[in-house]
Amino acid sequence: MDMPVFRLYDTLSRTVKTLVTLEPNHLRFYSCGPTVYSYAHIGNFRTFLEKLIADGHAYETPTGVYFDTTTFARRGALSGNTDADSLRVAVRDVVVDDNKKSPADFALWKKDEKHLMQWYSPWGWGFPGWHIECSVMAMQYLGETIDLHGGGEDLVFPHHECEMAQSESRTGHSFCEHWVHTKFLQFEGEKMSKSKGTFFTARELIDDKGVHPLALRYALMSVPYSKPANFTMDLLRDSTSKIDRYAECVRVVNEALAKGAAGEDAVGEDLDRLYQETLAAMCEDLNTSVALAKALEGTSVIFRETALFSGASASSSQKFLLKINELLGIVPMDEDTTEPGRDDSEIDGLVKERDAAKANKDFARADAIRAELGQRGIELRDTPEGTVWRRKSAEI
RNA sequence: GGCGACGUGCCCAAGUGGUUAAGGGAGAGGCCUGCAAAGCCUUCAUGCAGCGGUUCGAAUCCGCUCGUCGCCUCCA
C-alpha cells in the first residue's frame, strides 16, 4: 500500500499543501513555545543586528535599534496586517515612539540600563527584542531556510511576521517554506485563565484528578489542531470511555490469541481498509477527528467478530491495534492493572467467593460482593471464560 | 477600527459543488446475562446561525447581518 502524501495547511499561502522538505527524510522544524535554557545567543544577536543595520534594514535611535518595515516588501504577508495606520487605532494603545520612522517598526534591541536583563552591545547596555531570538536560533541550528515553522495562532502577528521580516532581510531569501499554527483551546466555553481557575496542567489532570493520560491525549486530539476546541470535563469523560473501550478490545484480542482457535481471518481486510483511512486522515492536514473515528470503527469490527474469534482474526486485530497505537498513541496495549506493592489476593478471594455463591444460586450474596467491590472501585464482568475484574477509571 | 479563524442533531464532531449529511456520546427499543457490566443490533438532522445571490444542482461558492474566538509591532 502506498504511503499517502502528507499535506498540511500553510498560513502563508493559505492553502493545504504538501510538506516538501529541502532534504529528503530530513525535516527542519522550528516551533516557538518551549522555553529552553541553554547557551545564550547574545553574540549571535549582535552579529545579526550589525548585518541588518549595515544593509539598511535597521536603524539606531536613542532608545534602541528598530527594524525598518518599509524595507521589507512582504510585510503583512502572514497575518494580512499590511496597513500600519489601522494598527494605530487599535483597542490597545500602540506605544508611539517619536524616534521611530514608522509606528510599525519593531524593536530589535532595547537600550535600558535599569532593566533586569543587561547585556553589552555596540548600542549600549540593554536587551534584545523578542522576535530576534527565534530568527537567530533557527538560523544557527537549522540553516537560513527551514521547512516548517510552528506555534500558537497568537504568534502569527506580530512574532512570526517580524521573524520572517528579519530573517529574509538578513539572508535575502525565503526563511520558511511552511507555516503551521494551532488554534487555542477553550475550557468549558471560556478562555483559559489561571485567575478564573480554568487552567490546568497535564500533570494536575493526571496526578490530582486521576485522568488517564491516554484519555487526555484522546480529548486533545478529538478536534483537529486547525480548529478552536472547547475542552470540557464531558469531553474528558467521553475520551476516558474510549480508552476503556480500547482496553477491553485489547483484552478480548489477547484472550483469543491465547486460545488460538482454528478458522479463517474474518477481519483483516476490513481492518486494513480502516487503517489506511485512518492514516489518510492524518496525512490530510492532521485530521484527527476523522482518524479517531476510523480507528474506533476498527474496534467495532473486532468486537463484532469476538463470538467466533479465530486465532487468525485475533492476530489481524492485534496488528491493527498496534499500528493504530503507533500512529495515534491511544491504545492501552499493555495496561498493567496490578500495582506494585498492592495485594490483590483479597479481591481475587472475594471474586472466587462470589463465583461460588453464583454457582449455588445465592444471588443475594453474589450481588452483595459485587456491590462491595464496586464501592472499592472494582468492576466485575462475567464472561464465558469466567469472571474478570478491573479497576474502574477515575470519576472526573 | 483593522487582520485572521469559526458557527452542522440534545452534546462533541466529519463533510468545502452532485446518489440516502461520516463517526462518537446521551436518549429510546432489542439481543446476551440469574440480574448487571462489557459487547452487539435497531432507532435518532427533508436539514447545516439568519437573509439574499450564483448554479441544472450549495452545508459546501459570493454578499450582507448576527454570534463566538484569536491577534493588533518595547510581556515572551
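Residue numbers begin at 1 in each chain, while the letters A, B, ... track the order of the sequences.
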May I ask you to say what A/Pro224 touches in the nucleic acid, namely base, sugar-phosphate or nothing, with a heavy-atom cut-off under 4.0 Å?
sugar-phosphate
Look through every strand shown and name the nucleotide pairing with B/A58 as Watson-Crick or G-U wobble, where both distances are under 3.5 Å.
none
Which of the following nucleotides, B/C3, B/C71, B/A14, is nearest to the side chain of A/Asn287?
B/A14
Under 3.5 Å on both distances, the Watson-Crick or G-U partner of B/C71:
B/G2
Checking all strands, does A/Val252 fall into the base, sugar-phosphate, or nothing category for heavy-atom contacts under 4.0 angstrom?
nothing
Using whole Å, report how far CG of A/Leu78 lies from C1' of B/G70.
15 Å
Describe the nucleic acid contact of A/Glu161 in one word from base, sugar-phosphate, nothing, applying a heavy-atom distance below 4.0 Å.
nothing
Show which side-chain atoms of residues 320-331 of chain A pair as donor or acceptor with protein atoms under 3.5 Å away, not counting sequence neighbours.
from     : atom 1 : to       : atom 2 : distance (Å)
A/Asn325 : OD1    : A/Ile330 : N      : 3.2
A/Asn325 : OD1    : A/Val331 : N      : 2.9

Partner nucleotide of B/U33 by Watson-Crick or wobble geometry (both distances under 3.5 Å)
none
Figure out the NZ/P separation between A/Lys242 and B/C12, and round it to whole Å.
14 Å
Do A/Asp367 and B/G34 have a side chain to base donor-acceptor pair shorter than 3.5 Å?
yes
Short side-chain N/O contact to B/G39 OP1/OP2 from A/Arg245, under 4.0 Å:
yes
Sole candidate of A/Lys100, A/Lys111, A/Lys110 that passes salt bridge (Lys or Arg N to Asp or Glu O under 4.0 Å) when paired with A/Glu60
A/Lys111
What is the nucleic acid contact for A/Arg365, judged by heavy atoms within less than 4.0 Å: base, sugar-phosphate only, or nothing?
nothing
Across all strands shown, which nucleotide pairs with B/A21 by Watson-Crick or G-U wobble geometry, both distances under 3.5 Å?
none
Nucleic acid contacts of residues 289-305 of chain A, taken as heavy-atom distances under 4.0 Å to RNA chain B
A/Ser289, A/Val290, A/Ala293, A/Leu296, A/Glu297, A/Ser300, A/Phe303, A/Arg304
Can you see whether A/Tyr66 engages A/Thr69 through a side-chain donor-acceptor pair at a distance of less than 3.5 angstrom?
no
Expressed in whole Å, how much space separates the P atoms belonging to B/A37 and B/A21?
34 Å
State which residues pass salt bridge (Lys or Arg N to Asp or Glu O under 4.0 Å) with A/Lys352; sequence neighbours excluded, sorted by chain then number.
none
Tell me whether the side-chain N/O atoms of A/Lys227 come closer than 4.0 Å to OP1 or OP2 in B/G7.
yes
Given atom CH2 of A/Trp123 and atom P of B/C74, what is their separation to the nearest angstrom?
17 Å
